[in-house]
Number of protein chains: 2
Amino acid sequence: MNLKTLAQELGLSPTTVSRALNGYPEVSEATRQRVLSAAAAANYQPNTQAKRLATGRAMAIGHIIPISDRHEIVNPVFADFIAGAGEIYANAGYDMVITIVPDNLEARAYGELSSKGNVDGVLVHAPRLNDHRIALLDDLSLPYVMHGRVNGTRKPYSWVDVNNTRAFERATNFLLDLGHRRIALINGISDMDFARRRKLGYERALSARGITPDPALLTEGEMTEAQGHDSARSMLALPDPPTAFLTASLLSAMGVRRGIEENGLTMGRDVSIVTHDDELGYLRNGTAQEPIFTATRSSVREAGRRCAQMLISHIERGDTQPRSDLMEAVLVLGQSTGPAPKR
Amino acid sequence: MNLKTLAQELGLSPTTVSRALNGYPEVSEATRQRVLSAAAAANYQPNTQAKRLATGRAMAIGHIIPISDRHEIVNPVFADFIAGAGEIYANAGYDMVITIVPDNLEARAYGELSSKGNVDGVLVHAPRLNDHRIALLDDLSLPYVMHGRVNGTRKPYSWVDVNNTRAFERATNFLLDLGHRRIALINGISDMDFARRRKLGYERALSARGITPDPALLTEGEMTEAQGHDSARSMLALPDPPTAFLTASLLSAMGVRRGIEENGLTMGRDVSIVTHDDELGYLRNGTAQEPIFTATRSSVREAGRRCAQMLISHIERGDTQPRSDLMEAVLVLGQSTGPAPKR
DNA sequence: TGACTTGTCCAAAGCGCTTTGGGGAGGCGG
DNA sequence: CCGCCTCCCCAAAGCGCTTTGGACAAGTCA
């Protein structure tokens with residue numbers, strides 16, 4: 001069933017039917033109703049490709065996911081972010097197209113997406129230090145929004161991010177207030193902008209109390225359970241072990257907890273943990289009312305929604321004015337923290 | 001830059017240029033080279049929408065992800081599956097379009113995807129008991145492949161699945177051979193086909209040794225760390241507690257381990273665990289050489305690749321003959337299992 | 001009453017590609 | 001020398017929609 005035959009059946013021109021369906025005023029209310037009910041009866045849906053070609057709008061938004069042997073971008077956070085963004089897309093009538101690409105071909109993938117015209121804009125994930133994608137996208141003049149910020153760029157751009165520095169500064173202060181002085185940071189990959197900011201917040205809080213960050217209490221890497229476990233194990237074996245851990249993900253925190261318990265210590269009494277919690281659907285920090293870990297909490301799904309919203313409004317308004325949205329993390333109290341043990 | 005202007009610059013007709021670019025024989029090798037290099041120089045990429053309209057092929061494959069308040073489909077497995085499938089799509093020139101939809105609108109979403117013609121086929125996730133989607137898709141005559149099987153359907157359909165029954169039967173037998181008699185199963189949601197099959201394998205192995213499955217040793221639900229932990233805690237408090245756990249996911253296994261250790265017991269000595277391991281990028285079971293948990297291992301990313309491959313060949317061959325691919329899980333030995341403790 | 005809006009509708013020209021149905025030039029055999 | 005075949009190439013007709021530029025009738029106003 002297509003526009004033409006639908007029009008014929010109604011004894012109308014395709015023009016009129018198209019206008020009736022798309023809500024243009026140049027058609028009487030009577031015929032509009034007639035068209036709408038006929039379309040519904042025939043289960044007519046305008047062909048997407050034709051519509052796209054005619055309007056010049058792809059009605060789709062791209063996400064490019066680089067894959068490498070070195071590290072995994074397809075992480076648990078990704079799935080939740082996608083879910084949030086996808087909700088918004090669906091409501092706004094956009095398709096979400098995801099491209100998986102070897103990371104050495106990432107730049108090319110953006111170029112092709114743009115020149116082949118199959119998306120109206122892109123959402124950019126996991127910005128790194130001096131991210132080259134920002135220049136690339138400005139070049140292509142393809143609308144985009146970044147999930148996270150880029151350090152070392154002069155040009156303005158649109159982004160949605162959590163206030164990572166502040167969150168980790170607060171978390172560190174919270175531990176300092178409890179009397180902890182040896183605080184370890186189990187961080188993400190140092191190249192990642194968010195990891196850099198978290199470290200900054202941590203260091204800032206320490207320095208403010210006259211404590212120099214100890215490199216022996218810092219791990220940077222993939223945020224897995226194993227990372228947390230291995231870090232905790234080796235750090236707890238130090239002559240002057242940490243009494244508290246700050247971790248960048250729930251998975252790492254779980255690993256740290258295991259490391260603590262393996263040493264016959266009790267989390268929350270002997271050793272404290274504060275973690276960042278992205279509120280992933282499948283990796284919950286206890287319940288909303290009763291968290292297990294004390295955590296800086298910020299929903300990545302909500303971040304997905306906001307990114308999507310922002311990008312769509314850029315696209316639809318043709319609005320090139322960069323916008324930004326800084327989300328504040330909430331510090332929630334769990335059972336994983338307590339006063340620093342006396343020596 | 002479009003075909004027409006490229007043709008003009010070359011002093012050729014659009015027909016010839018199109019043919020040269022698409023490898024048709026009706027063009028001399030000399031002009032083909034001339035066209036190709038001009039296209040490369042101009043960075044020409046044919047407009048996707050126009051191509052799609054002209055050929056009638058969307059060059060895209062859909063994944064519909066239902067979202068509900070009740071349970072989370074956006075699980076860690078999903079991300080890895082997507083990554084595997086996406087690899088294949090990218091190489092074959094297909095876009096991956098993901099639709100997030102409230103689960104009560106799922107059927108409608110398939111209908112729209114089909115009638116609007118924005119995909120050439122769909123990949124269907126997480127089949128449940130008597131899944132209605134199979135009838136729906138046959139109705140729409142939209143090519144599809146299921147990741148998993150559907151119980152209670154007479155009609156043949158294409159699928160890729162792990163031999164869950166056999167995997168869990170083997171795992172159970174392995175524990176039985178170690179002398180365990182009280183074996184708990186921490187399973188997925190009972191409605192899910194894969195969970196049903198796993199339970200079947202477990203029960204079959206027990207029955208073969210004359211053991212009746214004890215309902216008190218069965219949990220069915222979302223496969224989270226909390227599920228594993230809570231189940232282990234309550235089961236270990238039973239008058240006749242299990243000496244071994246079979247879990248459906250690594251996350252559950254981690255929860256069970258925590259429950260075991262909380263009770264002052266040691267995993268692998270006092271209580272054994274065998275888990276299923278989907279080889280998720282972000283949730284590894286130790287290393288490939290040294291697994292932590294004894295596990296039935298099968299890569300969900302590989303399953304994604306195979307599904308994608310199968311679907312594409314269906315689409316391209318116009319081949320309606322259903323195919324199937326049953327992957328066998330490997331049983332790998334970790335440190336989480338040992339002989340049943342003496343009473 | 002005639003000029004001018006206003007309200008409804010339509011024909012036709014795109015959007016950028018593919019593909020059908022030739023057409024002309026050159027080579028070959030008879 | 002003529003007819004035929006092969007090799008290259010092209011014009012034009014779609015694909016299914018939107019949108020421009022009217023057309024026609026009815027209503028409005030002086």
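Below, all heavy atoms of this structure are taken into account, side chains as well, without hydrogens, waters or symmetry copies. None of the values given here were measured: they were computed from a predicted structure. Throughout, protein chains are lettered first and strands after them, A, B, ... in sequence-line order, and every chain is numbered starting at 1.
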Open item on the list: Heavy atoms only, 4.0 Å cut-off, all strands: where does Ser18(A) land among base, sugar-phosphate and nothing?
Closed with: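 The answer is base, as Ser18(A) lies within the cut-off (heavy atoms under 4.0 Å) of a base atom.
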- [ ] Pick base, sugar-phosphate or nothing for Gly11(B), based on heavy-atom distances below 4.0 Å to the nucleic acid.
- [x]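 The answer is sugar-phosphate, as Gly11(B) gets under 4.0 Å only of primed atoms, P, OP1 or OP2.
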- [ ] Name the residue closer to the 5' end of DNA chain D, choosing between Thr16(A) and Ala54(B) according to the nucleotide with the nearest heavy atom.
- [x]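 Nearer the 5' end of the strand: Ala54(B).
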Open item on the list: For Val17(B) and Leu53(B), find the nucleotide of DNA chain D closest to each by heavy atoms; which residue's nucleotide sits nearer the 5' end?
Closed with: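 Of the two residues, Val17(B) wins.
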Task: Runs of at least three Watson-Crick or G-U pairs with DNA chain D, cut-off 3.5 Å - done: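 Output for stems: C:1-30 with D:1-30.
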Open item on the list: For the OH atom of Tyr157(A) and the CD1 atom of Ile134(A), what is their distance to the nearest 0.5 Å?
Closed with: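 It comes to 5.0 Å.
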Task: Salt-bridge criterion met for Asp120(B) and Arg52(B) (N-O under 4.0 Å) - done: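 Answer for the salt bridge query: no.
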TODO: State whether Asp193(A) and Arg128(A) are salt-bridged, where the test is any N-O pair (Lys NZ or Arg NE/NH1/NH2 against Asp/Glu carboxylate O) under 4.0 Å.
DONE: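 The answer is no: the pair does not qualify as a salt bridge.
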Taking distance alone, no hydrogens or angles, what donor-acceptor pairs closer than 3.5 Å link side-chain atoms of residues 96-107 of chain A to residues at least two apart or in another chain?
{"from": "Asp103(A)", "atom 1": "OD2", "to": "Arg70(A)", "atom 2": "NH2", "distance (Å)": "3.0"}
{"from": "Glu106(A)", "atom 1": "OE2", "to": "Arg133(A)", "atom 2": "NH1", "distance (Å)": "3.1"}

Open item on the list: Pick the closest DNA chain C nucleotide for Glu26(B) and for Gln45(B) by heavy atoms, then say which residue is nearer the 5' end.
Closed with: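 On the 5' side of the pair lies Gln45(B).
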Task: Value in whole Å for how far the P atom of dA11(C) lies from CG of Leu12(A) - done: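 The distance from CG of Leu12(A) to P of dA11(C) comes to 11 Å, rounded to the nearest Å.
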- [ ] Taking heavy atoms of chain A and a 4.0 Å limit, find me the 5'-most and 3'-most nucleotide of DNA chain D within that range.
- [x]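 Boundary nucleotides touching chain A, in 5' to 3' order, are dG16(D) to dG21(D).
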- [ ] Flag the pair Leu6(B) / Leu12(B) as yes when at least one side-chain heavy-atom distance between them is below 4.5 Å, and no otherwise.
- [x]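 In short, these two side chains do not touch, never coming nearer than 4.5 Å.
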Task: Non-hydrogen side-chain atoms of Pro143(B) and Leu311(B) separated by less than 4.5 Å - done: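 Sidechains of Leu311(B) and Pro143(B): in contact.
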- [ ] Just do the salt bridge (Lys or Arg N to Asp or Glu O under 4.0 Å) check on Arg306(A) and Asp161(A) with the steps written out, would you?
- [x] CA-CA 10 Å; Arg306(A) 296 195 190 189; Asp161(A) 200 3; over 6 Å; no
TODO: Examine His125(B) together with Phe81(B) and report whether their ring centres are nearer than 6.0 Å.
DONE: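 Between Phe81(B) and His125(B), which both carry aromatic rings, the centre distance is below 6.0 Å.
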Open item on the list: Check for me whether the distance between the ring centres of His63(B) and Tyr89(B) falls short of 6.0 Å.
Closed with: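 Aromatic pair counts; centres sit under 6.0 Å.
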Under-3.5 Å N/O pairs linking protein and nucleotides 21-23 of chain C:
{"from": "dG21(C)", "atom 1": "O6", "to": "Arg19(B)", "atom 2": "NH2", "distance (Å)": "3.4"}

Task: Within residues 81-93 of chain B or reaching into it, pairs that qualify as salt bridge (Lys or Arg N to Asp or Glu O under 4.0 Å) - sequence neighbours excluded - done: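 Matches after skipping sequence neighbours: Glu87(B)-Arg305(B).
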Task: Residues in side-chain hydrogen bond (donor to acceptor under 3.5 Å, both in side chains) contact with Gln8(B), at least two apart in sequence or another chain - done: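 Not a single residue meets the side-chain hydrogen bond (donor to acceptor under 3.5 Å, both in side chains) criterion with Gln8(B).
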